[in-house]
Protein chains: 4
Amino acid sequence: MSRKLDILETARRLFNESNTQAVTTNHIAKAMGISPGNLHYHYKNREEIILLLYRDMRAKMSLSIDALPKTFQALEAHQKVLIGIQWEYRFFFREMLFLFSRDAELQREYIEDNIAHRSRIKLVLESFVESEELNIDNEILLEYIVDAILMAWQFYTSYMQTLGRPLSRKSAEEAVQYASNTMKPYKVKQEKV
Amino acid sequence: MSRKLDILETARRLFNESNTQAVTTNHIAKAMGISPGNLHYHYKNREEIILLLYRDMRAKMSLSIDALPKTFQALEAHQKVLIGIQWEYRFFFREMLFLFSRDAELQREYIEDNIAHRSRIKLVLESFVESEELNIDNEILLEYIVDAILMAWQFYTSYMQTLGRPLSRKSAEEAVQYASNTMKPYKVKQEKV
Amino acid sequence: MSRKLDILETARRLFNESNTQAVTTNHIAKAMGISPGNLHYHYKNREEIILLLYRDMRAKMSLSIDALPKTFQALEAHQKVLIGIQWEYRFFFREMLFLFSRDAELQREYIEDNIAHRSRIKLVLESFVESEELNIDNEILLEYIVDAILMAWQFYTSYMQTLGRPLSRKSAEEAVQYASNTMKPYKVKQEKV
Amino acid sequence: MSRKLDILETARRLFNESNTQAVTTNHIAKAMGISPGNLHYHYKNREEIILLLYRDMRAKMSLSIDALPKTFQALEAHQKVLIGIQWEYRFFFREMLFLFSRDAELQREYIEDNIAHRSRIKLVLESFVESEELNIDNEILLEYIVDAILMAWQFYTSYMQTLGRPLSRKSAEEAVQYASNTMKPYKVKQEKV
DNA sequence: CATGAATGAGTATTCATTCAT
DNA sequence: TATGAATGAATACTCATTCAT
């Protein structure tokens with residue numbers, strides 16, 4: 001791996017281990033055995049590193065999407081892939097709003113992406129309604145389910161932590177089950193919970 | 001108001017306006033027109049101020065509870081009261097996990113309180129099941145609804161911000177409607193969404 | 001002397017000895033035996049120190065002016081007083097244009113003051129013309145003499161240095177003689193050069 | 001133009017645009033699209049670049065001199081040529097004394113050259129006295145006029161800036177008129193001011 | 001000639017906290 | 001209670017210069 005990418009990787013790992021404020025650029029450099037000057041040769045500052053890490057995550061997530069999932073199984077499979085990527089960048093979801101208050105550009109991009117994400121979720125649900133797999137006749141109700149799924153996607157891991165539950169990629173994946181439960185009362189052919 | 005309480009009030013206000021890292025103890029002192037030394041006479045450090053603000057919030061929330069709500073209306077009324085208090089301390093919910101990584105004691109207390117909060121929510125739902133207002137025959141499903149309500153309680157405001165929606169106490173109260181929607185499919189006498 | 005004033009004095013002395021870029025705020029602190037943090041408690045940064053030193057100099061110069069000098073002797077006496085003050089802040093005249101490129105506010109204030117200074121010089125010369133001590137019938141010529149005097153006031157010391165001449169307060173005072181020579185051909189009662 | 005000369009040209013341009021401290025060797029390299037290593041292959045450091053730029057300017061000025069000017073017109077024509085060269089290296093005159101404090105060799109050479117320059121000016125004036133175009137019977141007065149001309153040559157542009165006047169090659173040339181005004185009272189055949 | 005990553009000392013600045021008064 | 005000067009370690013960042021390729 002190139003030095004430039006290695007810095008991002010090290011930063012990501014350290015951010016996940018503690019938090020972005022505790023991990024200074026000098027810490028990152030020290031952890032890699034390079035000089036602080038070298039790190040700043042590659043990246044202007046920590047803000048830039050965080051923004052680039054976010055864009056990396058977004059790129060990975062985008063690449064994981066071929067087409068909108070057509071079945072519940074495809075949906076769940078896709079959610080698991082996204083959660084796997086999210087897990088690699090979990091520092092971001094843990095500090096999201098704090099990071100926004102430090103970098104308006106990051107906030108702008110994230111919100112833009114998140115609104116697009118919400119639209120895709122809605123499209124998927126609408127396709128399920130059309131194919132009569134979901135029985136939702138009410139726009140407001142549909143919006144609610146979309147919000148429930150997106151909120152869980154973004155905050156389920158945080159929520160687990162507010163209950164002191166041990167954190168792992170495995171437990172993060174429970175968000176898939178959570179989303180499934182949200183849709184359950186509206187599924188035409190009921191699956192078991 | 002006493003000087004000691006005034007410091008907490010000023011800190012709370014400034015924290016809400018920006019974020020806890022940006023607001024230094026010297027900023028708080030300056031905003032009040034007192035000396036930094038005086039602030040530290042009253043409180044050891046910023047960590048202590050944040051911890052005490054959390055305890056204040058918790059105390060206010062506890063005081064707002066007489067008994068567990070027996071009706072949906074009582075539940076919603078109670079939720080609105082809690083959201084009003086939460087709004088006053090919104091910096092806390094915005095930075096929660098970040099603050100935990102800086103103060104283990106705060107984390108410990110919050111998790112303890114949050115687990116208790118979860119139990120109360122569950123008790124309320126169980127009483128609704130018993131009184132046949134809710135039709136939930138499945139423990140896992142019940143747990144899901146509890147999680148949905150508690151997650152919304154903690155993260156609905158954050159969620160709104162990740163979509164770039166304007167923030168206000170009013171919009172924070174939409175979390176009540178959200179919780180209601182979660183329970184809706186299981187309500188015996190359906191209300192309109 | 002108070003610590004706050006002492007910092008300005010030390011900075012002024014060190015600036016005179018080398019140059020403003022070589023003298024860092026940490027150097028000033030070290031020279032005083034105080035911590036770098038303490039210096040920054042009193043002054044935001046070096047730019048502020050330089051600006052305040054300039055304002056101090058200006059204030060001292062303003063105080064030295066009662067009324068416009070009415071005789072050549074009074075004029076020369078006044079010039080000597082100003083040169084004495086200038087000598088204390090000689091770093092400023094040595095780096096003037098460089099300092100302007102680093103601090104637009106300093107530049108603005110200096111230019112404003114300098115234009116006012118030029119007006120006063122012109123008024124003095126006009127009063128000499130009116131009292132028939134100077135024989136200048138030509139506005140352009142008058143402007144030239146004003147410029148010659150003001151240029152010498154600002155750059156005579158620098159000029160001496162470009163010839164490698166030893167620098168001292170004494171030699172700086174030769175600027176008075178220089179100004180006198182400029183006016184000499186127009187003096188009605190000639191003095192000896 | 002060779003790479004080596006191109007570096008000097010770029011440095012000169014950038015120095016004129018801001019100031020020598022603000023223009024790092026990396027800036028120069030970036031502006032040329034070459035690597036910092038390459039720049040340092042050609043020149044040891046920024047000091048060397050500045051010194052060589054000074055020597056270039058001096059060489060150009062020397063080349064512009066055939067013989068000492070014999071008439072006022074020839075003198076003015078020559079002054080304009082010199083000011084044109086000076087204008088190309090105006091950063092140098094703007095920061096002169098500051099640069100001396102950073103590079104003793106530069107200072108030594110400049111002073112040596114400047115003393116020689118002063119001698120030439122004096123010779124020209126003496127030739128005018130001999131040919132009875134100037135009426136100066138006094139050595140001290142002659143020295144004064146020499147100083148006035150040389151000071152204007154070096155600092156007229158700086159002086160203009162201390163009055164906030166817009167800077168241009170055109171306005172720099174006013175120094176010629178200034179020098180002419182200095183000699184005017186002593187000219188045997190008066191010209192118009 | 002040329003690259004460009006790398007160094008590392010330097011520079012300015014911040015801020016929670018202490019402490020004499 | 002209160003002041004506010006003082007500390008000093010920490011932090012982010014810069015930049016002339018080196019050097020392996």
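Everything numeric here is computed off the predicted structure, so don't read it as measured data. Just so we're on the same page: letters track the sequence lines, and every chain starts at 1.
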Report task. In sequence, state the C-alpha distance, the side-chain angles, and the governing distance for A:E47 and A:E105, and then conclude on side chain to side chain contact (heavy atoms under 4.5 Å, CB included). Result -> CA-CA 10 Å; A:E47 202 166 297; A:E105 171 62 13; over 6 Å; no
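Whole-Å rounding puts the A:N45 CG to F:dC15 C1' distance at 17 Å. Protein atom CG of B:N26 is 10 Å distant from nucleotide atom P of E:dT17, rounded to whole Å. Spacing between atom CD1 of B:I28 and atom P of E:dT17 amounts to 11 Å, rounded to whole angstrom units. What separates CD1 of C:I49 from P of E:dA12 is a distance of 10 Å, to the nearest Å. When the P atom of F:dA6 is taken as reference, atom CD1 of C:I34 falls 7 Å away, rounded to whole Å. Regarding C:Q21, its CD atom lies at a distance of 14 Å from the C1' atom of F:dC15, rounded to whole Å. Between the C1' atom of E:dA12 and the NZ atom of C:K30 lies a distance of 16 Å, rounded to the nearest Å. In this structure, B:D6 atom CG and F:dA2 atom P are separated by 11 Å, rounded to whole Å.
The one candidate from B:N38, B:I7, B:L14 that meets the side chain to side chain contact (heavy atoms under 4.5 Å, CB included) condition with B:M32 is B:I7.
Note: A:F98 and B:F98 have parallel aromatic rings, judged against thresholds of 30 and 60 degrees for the angle between ring planes.
By the 6.0 Å and 45° rule, B:K4 does not stack over the aromatic ring of B:Y41. Remark: B:R12 is positioned above the aromatic ring of B:Y89, its terminal NZ or CZ atom under 6.0 angstrom from the ring centre and at most 45 degrees off the axis.
For the pair B:R3 and F:dT1, the criterion of a side-chain N or O lying under 4.0 Å from OP1 or OP2 is not met. Distances shown here put a side-chain N or O of D:T24 below 4.0 Å from the OP1 or OP2 atom of F:dA16. Proximity of D:H42 to the phosphate of E:dA2: a side-chain N or O atom is located under 4.0 Å from OP1 or OP2. Between D:R46 and F:dA16 there is a side-chain polar atom (N or O) within less than 4.0 angstrom of OP1 or OP2.
Listed candidates were E:dA6, F:dA5, F:dA12. Nearest to the side chain of A:N38 is E:dA6. Comparing F:dA6, E:dG4, F:dT3 by their closest approach to the side chain of A:Y41 singles out E:dG4. For B:P36, counting side-chain heavy atoms from C-beta on, the closest listed nucleotide (F:dG4, F:dA12, E:dA12) is F:dG4.
Taking NZ of D:K60 as the reference point, atom CD of D:Q86 lies at 13.5 Å (rounded to 0.5 Å).
Between C:G37 and D:G37, it is C:G37 whose nearest contact on DNA chain F lies nearer the 5' terminus.
Formation of a donor-acceptor pair under 3.5 Å by the D:E95 side chain with backbone atoms of D:T20 is found in this model. Side-chain atoms of C:R46 never come within 3.5 Å of backbone atoms of C:A11 as a donor-acceptor pair (strictly under, hydrogens ignored). Side-chain atoms of D:R94 come within 3.5 Å of backbone N or O of D:N16 as a donor-acceptor pair.
Residue contacts for A:T25: at a heavy-atom cut-off of 4.0 Å it reaches the sugar-phosphate backbone alone, with no base atom in range. Within the 4.0 angstrom heavy-atom criterion, base atoms lie near C:S35.
Near DNA chain E, meaning a heavy atom under 4.0 Å away, there are no residues from residues 99-109 of chain B.
Consecutive Watson-Crick or G-U pairing (both distances under 3.5 Å) extending over three or more pairs maps onto DNA chain F as E:2-21 with F:2-21.
Looking at A:D113 and A:Y54, their side chains do bring a donor and an acceptor atom within 3.5 Å of each other.
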